[in-house]
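Accompanying notes for the structure given below.
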There are 2 protein chains.
Amino acid sequence: MISSDELFDAKALLQDSDIRPTRQRLGLASLLFGRKNRHVTAEVLHQEANDCGLRMALATVYNSLHSFTRAGLLREVVVDAGRRYFDTNVSHHHHLLREQTGELVDVDPGKLEVRGIPDLPRGTSVSQIDVVIRIK
Amino acid sequence: MISSDELFDAKALLQDSDIRPTRQRLGLASLLFGRKNRHVTAEVLHQEANDCGLRMALATVYNSLHSFTRAGLLREVVVDAGRRYFDTNVSHHHHLLREQTGELVDVDPGKLEVRGIPDLPRGTSVSQIDVVIRIK
DNA sequence: GTCATTGCAAATACTTTGCAAATCA
DNA sequence: TGATTTGCAAAGTATTTGCAATGAC
């Protein structure tokens with residue numbers, strides 16, 4: 001019996017994104033993209049990697065997260081001034097944050113709508129609209 | 001001729017908030033609350049203070065910003081995972097962020113509306129909804 | 001085998017804490 | 001004067017960088 005996780009081809013994913021499939025990156029990609037809609041910090045991902053027997057420096061986790069983000073495989077989510085979250089869901093959507101646990105949940109943009117965007121300064125355009133619903 | 005800035009009574013403001021009006025705090029309060037809707041980082045405020053001849057450690061600026069926030073005179077705004085912004089407008093409103101300059105502008109909540117808030121987990125309630133319009 | 005790229009130690013950036021010194025009652 | 005609070009040096013986190021070593025082609 002082979003689970004779908006094991007069938008996931010991290011190597012092909014990285015190669016398709018022009019990222020060299022090194023041992024460390026393959027490990028991180030498997031952890032990240034083997035299942036849907038993950039929200040991780042570098043530290044949590046580093047811990048997961050260690051728990052799987054993947055040894056690497058925390059800085060390598062950061063470097064890999066940035067590579068993946070540059071390639072469009074991840075998107076950074078700003079919900080905390082002290083921690084950087086990365087989201088494997090790169091399509092447009094919003095977030096719900098449980099303040100007590102730091103847990104982040106995706107919110108479908110089809111359900112949540114923002115109306116009444118103000119006039120922008122001349123020569124500028126909207127790059128992204130982020131909505132964070134903080135709950136306690 | 002006396003400008004309205006000079007008439008602003010920082011000492012009364014701090015005393016009304018049960019914050020001891022020390023020299024450093026008075027200086028920072030004057031810089032912050034002498035005009036409307038300021039968005040500052042600790043570093044920028046520290047630099048402004050130095051430029052005015054107010055010498056103090058950066059940590060003192062942080063401590064003061066936190067005191068003011070605890071007292072409800074400031075509100076923290078999360079738009080960047082690396083920097084902490086403080087806003088002198090403590091009423092409910094949203095933000096527009098110029099990505100190129102880091103400049104933050106208030107958006108009236110009467111103009112901008114969020115519809116379709118999803119179901120929340122049992123036993124939780126909304127603590128705040130933040131909308132950040134990022135422009136480039 | 002080559003050389004662009006990596007992976008990590010060390011450095012940096014940002015923020016908080018612990019406590020000597022100052023301040024108010 | 002004594003309790004309280006401050007202001008800052010030093011420490012603590014989080015993240016980035018420079019470059020020796022690697023490993024993909």
Side-chain angles (χ1 to χ4, degrees), chain A residues 9-29 31-32 39-50 52-71 73-86 102 104, chain B residues 10-12 14-32 39-50 52-71 73-86 102:
Chain A
D9 190 347
K11 190 172 180 183
L13 179 75
L14 296 187
Q15 284 174 332
D16 289 350
S17 303
D18 288 321
I19 294 173
R20 266 206 216 168
T22 62
R23 185 174 55 79
Q24 286 83 342
R25 287 176 172 183
L26 284 170
L28 295 179
L31 288 171
L32 286 170
H39 300 91
V40 299
T41 60
E43 191 154 82
V44 163
L45 187 60
H46 183 229
Q47 187 57 58
E48 280 186 20
N50 273 345
C52 297
L54 299 166
R55 309 194 106 232
M56 71 188 80
L58 180 58
T60 299
V61 177
Y62 274 104
N63 288 341
S64 300
L65 287 172
H66 288 308
S67 294
F68 296 169
T69 302
R70 235 177 290 122
L73 299 175
L74 290 178
R75 144 188 189 330
E76 197 187 327
V77 185
V78 179
V79 288
D80 187 314
R83 286 145 106 177
R84 243 167 244 276
Y85 282 84
F86 294 86
L104 205 54
Chain B
K11 189 171 178 183
L14 295 188
Q15 283 174 333
D16 288 351
S17 303
D18 287 319
I19 295 173
R20 264 206 218 169
T22 62
R23 187 174 54 79
Q24 286 84 341
R25 288 175 171 181
L26 284 170
L28 295 178
S30 296
L31 289 170
L32 286 169
H39 300 93
V40 299
T41 60
E43 192 155 81
V44 163
L45 186 61
H46 184 228
Q47 187 58 59
E48 279 186 20
N50 273 345
C52 297
L54 300 167
R55 310 194 106 229
M56 71 188 80
L58 180 56
T60 299
V61 178
Y62 275 104
N63 288 340
S64 301
L65 287 172
H66 288 308
S67 295
F68 295 170
T69 301
R70 236 177 289 123
L73 297 175
L74 291 177
R75 143 190 191 328
E76 197 186 327
V77 185
V78 178
V79 288
D80 187 312
R83 279 188 292 193
R84 240 168 247 276
Y85 282 82
F86 294 85

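So that the names make sense, note that chain A is the first sequence line, chain B the second, and so on, each numbered from 1.
- The line from CG of B:L73 to OG of B:S64 is 11.5 Å long, rounded to the nearest 0.5 Å.
- Rounded to the nearest 0.5 angstrom, B:S67 OG and B:D18 CG are separated by 12.0 Å.
- Identified under the salt bridge (charged side-chain N to carboxylate O under 4.0 Å, His left out) test for residues 76-86 of chain A, with sequence neighbours left out: A:E76-A:R84.
- The distance from atom CG of A:L26 to atom C1' of C:dG7 is 14 Å, rounded to the nearest whole Å.
- The side-chain heavy atoms of B:L45 and B:E48, taken from C-beta on, include a pair separated by under 4.5 Å.
- When the shell of 6.0 Å around CD of B:E43 is examined, it contains 12 or fewer heavy atoms from other residues, nucleotides or ligands.
- Residues B:M56 and B:L28 are in side-chain contact: their nearest non-hydrogen atoms beyond the backbone lie under 4.5 Å apart.
- For the pair B:V79 and A:V78, the minimum side-chain heavy-atom distance is 4.5 Å or more.
- In this structure, CG of B:L14 is placed 16 Å from P of C:dT23, rounded to the nearest angstrom.
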Please list, for nucleotides 12-15 of chain D, all pairs of protein and nucleotide N/O atoms separated by less than 3.5 Å.
from, atom 1, to, atom 2, distance (Å)
D:dA14, O3', A:G82, O, 3.0
D:dT15, OP1, A:R84, N, 2.8
D:dT15, OP2, A:Y62, OH, 2.2
D:dT15, O5', A:Y62, OH, 3.1

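- Looking at B:L65 and B:L32, their side chains come closer than 4.5 Å, going by heavy atoms from C-beta outward.
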*What does nucleotides 3-10 of chain D look like as a protein-contact string, B for base, S for sugar-phosphate only, - for none, at under 4.0 angstrom between heavy atoms?*
-BSSSBB-

